[in-house]
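Inspection log for the structure reproduced underneath, given as structure tokens.
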Amino acid sequence: MGCCTGRCTLIFLCTLQLLAALERQIFDFLGYQWAPILANFLHIIVIILGLFGTIQYRPRYIVVYSIWTALWVAWNVFIFCFYLEVGGLSKDSDLMTFNISMHRSWWREHGPGCVRKELTASASKSLDDRTYISVTGCIVDFQYLEVIHSSFQILLSLVGFVYACYVVSVFTEEEDSCRSK
């Protein structure tokens, strides 16, 4: 096979998806968002499986990868709707943290241009005092940054799905031609 085949393109797309998933995983860890952390972890495993299948000419692994990309698109559409508060979803709910903690998106307080100010609830300093955070001056609101991340993931997954289907068809044609000889 030549260098600019669908197989090489799929390897490149999987590598790009892996980098994007690792970047997203880091920021979800910083925000203690457990649902996206688990989803990203599964995504990373399946991307590695897809890479292995592509490199080792294993069409079944690539089929698993292509099925997962469809599920990944659905997950990212949910994230998209969650942060834009579509269909009764609220970005202020504890859904992403499994109601375990009060953490939110890391981008909420650390987005580009954001100025973070901590305000204490009372003048007394005890261990039970909560610190309230005021964020002003953000160039881009955090929900739009999350939507941009999800949109990029959707784009990579859709292109990866198309190339995975193409590579599976090429592998099965080669396998069929080898059997008929």
Side-chain angles (χ1 to χ4, degrees), residues 5-87 89-112 140-172:
T5 61
R7 180 174 170 257
C8 289
T9 306
L10 184 59
I11 290 170
F12 173 75
L13 282 169
C14 284
T15 305
L16 192 59
Q17 265 189 319
L18 189 59
L19 291 173
L22 288 171
E23 179 265 342
R24 190 174 188 180
Q25 183 77 322
I26 289 168
F27 288 111
D28 287 339
F29 262 119
L30 289 172
Y32 298 102
Q33 296 199 5
W34 302 113
I37 288 169
L38 291 173
N40 289 332
F41 180 71
L42 288 173
H43 186 55
I44 290 167
I45 289 172
V46 174
I47 291 170
I48 292 170
L49 186 69
L51 269 170
F52 178 76
T54 306
I55 293 169
Q56 295 291 322
Y57 295 95
R58 310 268 178 148
R60 289 183 180 160
Y61 293 164
I62 302 171
V63 168
V64 170
Y65 165 79
S66 63
I67 292 169
W68 174 257
T69 58
L71 294 172
W72 190 245
V73 167
W75 168 256
N76 280 287
V77 168
F78 168 75
I79 297 292
F80 198 93
C81 294
F82 179 79
Y83 282 107
L84 293 180
E85 297 183 334
V86 176
L89 295 170
S90 173
K91 65 183 178 269
D92 294 323
S93 73
D94 291 329
L95 186 63
M96 292 298 172
T97 61
F98 294 134
N99 295 326
I100 295 173
S101 66
M102 303 247 333
H103 291 93
R104 302 283 186 260
S105 172
W106 184 82
W107 296 107
R108 181 181 284 241
E109 299 172 14
H110 302 93
V140 180
D141 288 337
F142 78 96
Q143 65 264 25
Y144 299 121
L145 288 171
E146 293 286 355
V147 165
I148 290 168
H149 273 102
S150 289
S151 300
F152 186 63
Q153 293 284 337
I154 289 170
L155 177 69
L156 286 175
S157 292
L158 290 175
V159 175
F161 178 80
V162 170
Y163 272 96
C165 292
Y166 172 72
V167 169
V168 167
S169 70
V170 168
F171 284 179
T172 53

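Here, residue 1 is the first one in the sequence, and each next residue gets the next number.
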Kindly list each side-chain donor-acceptor pair under 3.5 angstrom involving residues 154-162, sequence neighbours excluded, with atom names and distances?
residue: S157; atom: OG; partner: Q17; partner atom: NE2; Å: 3.2
residue: S157; atom: OG; partner: Q153; partner atom: O; Å: 3.0

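In this structure, the separation between CG on L10 and CD1 on I62 is 6.0 Å, given to the nearest 0.5 Å. Note that OG1 of T54 and CD1 of I47 are 11.5 Å apart. Values are rounded to the nearest 0.5 Å. In this structure, the separation between CD on Q143 and CH2 on W107 is 13.5 Å, given to the nearest 0.5 Å. Separating the OH atom in Y144 from the CG atom in D141 is a distance of 6.0 Å, to the nearest 0.5 Å. Rounded to the nearest 0.5 Å, atoms OG1 (T69) and CG (L13) are 11.0 Å apart. Note that CG of L49 is 14.0 Å distant from CD1 of I44, once rounded to the nearest 0.5 Å.
For W68 and Y65, the distance between ring centers is not under 6.0 angstrom.
Across all non-hydrogen atoms, the minimal contact from F80 to S151 is CE1-OG, 3.3 Å. When all heavy atoms of Y83 and S105 are compared, the pair lying nearest together is OH-CB, 3.9 Å. Nearest approach of F142 to R108, heavy atoms of both residues: CZ-NH2, 3.1 Å. Residues S66 and A164 share a closest heavy-atom pair of CB-CB, 3.9 Å.
For the residue pair H43/Q25, the side-chain donor-acceptor check at 3.5 Å is not satisfied.
The backbone N or O of I55 lies less than 3.5 Å from a partner atom in the side chain of R7, making a donor-acceptor pair. Not a single donor-acceptor pair under 3.5 Å links the side chain of S150 to the backbone N or O of V147.
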Legend entry - Full working for side chain to side chain contact (heavy atoms under 4.5 Å, CB included) between C165 and V168: CA-CA 5 Å; C165 292; V168 167; 5.8 Å; no
Inset, instruction - Start with the C-alpha gap between H149 and E23, add the side-chain angles, then the distance that decides, and say whether side chain to side chain contact (heavy atoms under 4.5 Å, CB included) holds. - result: CA-CA 10 Å; H149 273 102; E23 179 265 342; 2.8 Å; yes
Legend entry - side chain to side chain contact (heavy atoms under 4.5 Å, CB included) evaluation trace for I37 with R24: CA-CA 9 Å; I37 288 169; R24 190 174 188 180; over 6 Å; no
Legend entry - F29 vs I26, side chain to side chain contact (heavy atoms under 4.5 Å, CB included): CA-CA, chis, key distance, verdict: CA-CA 5 Å; F29 262 119; I26 289 168; 5.8 Å; no
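No side-chain heavy atom of I48 sits under 4.5 Å from any side-chain heavy atom of C14.
Legend: residues meeting side chain to side chain donor-acceptor pair (under 3.5 Å) with D28, ordered by chain and number and at least two apart, are N40.
Atom CZ of F12 has 12 or fewer heavy atoms from other residues, nucleotides or ligands within 6.0 Å.
Counting only residues at least two apart or on different chains, no side-chain hydrogen bond (donor to acceptor under 3.5 Å, both in side chains) pair has a member in residues 161-170.
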